[in-house]
Amino acid sequence: MIWQWIGLTIFSLTLLPAGLAMAAGRAPARVRARLAPVRAHGWALLALYAVAPLNAIPRLSGASPEMSLALTATGGIVAVAGCLLAGLARLGTLNSGAR
């Protein structure tokens, strides 16, 4: 159980602020060049962050195994959506740069 607290804390301190800043359109100039649609990448990062609370909070609160499994599966779906969003944002950037 201690590893879930550690993981939730680490992801909350790293991915959450970065994802919120990028979703608001703020990014350092050196990163902005690589992540052209900054907002789309920010939302993708927030989707990947959402896996941590969806997985850890039910387990830490003592929810039933069925509820934990359902929320973990939901977290997996959200993670896949975040990966797809990041991939589509990158693909759109590559296609628009080639024209």
Side-chain angles (χ1 to χ4, degrees):
M1 187 166 344
I2 188 74
W3 290 107
Q4 291 168 340
W5 280 112
I6 291 170
L8 187 59
T9 303
I10 288 172
F11 284 121
S12 295
L13 292 175
T14 56
L15 291 179
L16 184 59
L20 288 173
M22 289 174 66
R26 299 188 178 271
R30 67 181 187 274
V31 175
R32 186 174 290 277
R34 287 188 307 200
L35 301 174
V38 174
R39 289 181 189 231
H41 281 94
W43 284 108
L45 195 61
L46 286 174
L48 291 174
Y49 163 75
V51 176
L54 282 173
N55 188 17
I57 291 175
R59 296 175 194 277
L60 293 172
S61 66
S64 68
E66 293 83 13
M67 179 63 76
S68 294
L69 181 63
L71 288 174
T72 299
T74 303
I77 292 169
V78 170
V80 168
C83 290
L84 286 173
L85 179 60
L88 290 174
R90 178 58 83 187
L91 183 64
T93 302
L94 293 176
N95 286 339
S96 65
R99 292 180 188 178

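Computation of the quantities below employed the complete heavy-atom set of this structure, encompassing side-chain atoms and omitting hydrogens, waters and symmetry-equivalent molecules.
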K.L.:
Which heavy-atom pair separates Ala89 from His41 by the least distance, and what is that distance?
P.N.:
CB-CE1, 3.9 Å
K.L.:
Over all heavy atoms of both residues, which pair between Val38 and Ala27 is shortest? Give the atoms and the distance, please.
P.N.:
CG1-CB, 3.8 Å
K.L.:
Could you list the donor-acceptor pairs under 3.5 angstrom formed by side chains in residues 53-61, with sequence neighbours left out?
P.N.:
unit_1, atom_1, unit_2, atom_2, d
Asn55, OD1, Arg59, NE, 2.8
Asn55, OD1, Arg59, NH2, 3.3
Asn55, OD1, Thr72, OG1, 3.1
Arg59, NE, Asn55, O, 3.3
Arg59, NH2, Thr72, OG1, 3.1
Ser61, OG, Ile57, O, 3.1
Ser61, OG, Pro58, O, 3.1

K.L.:
Decide whether Phe11 and Val78 are clustered together by the hydrophobic rule: side chain heavy atoms of Ile, Leu, Val, Met, Phe, Trp, Tyr closer than 4.5 Å, transitively.
P.N.:
no
K.L.:
Specify the closest pair of heavy atoms between Ala47 and Gly82, including all atoms of both residues, with the distance to one decimal.
P.N.:
CB-CA, 3.7 Å
K.L.:
Do Leu45 and Leu20 share a hydrophobic cluster (ILVMFWY, side-chain heavy atoms under 4.5 Å, transitive)?
P.N.:
yes
K.L.:
Side chains of Ser12 and Tyr49: do they bring a donor and an acceptor to under 3.5 Å?
P.N.:
yes
K.L.:
Would you name the heavy atoms of Leu48 and Cys83 that are closest together and state the gap between them?
P.N.:
CD2-SG, 4.0 Å
K.L.:
Quick check on side-chain contact (heavy atoms from CB on, under 4.5 Å): which of Leu8, Ile10, Thr9 does Ile6 satisfy it with?
P.N.:
Ile10
K.L.:
Quick one: are Leu46 and Leu16 in side-chain contact, heavy atoms under 4.5 Å?
P.N.:
yes
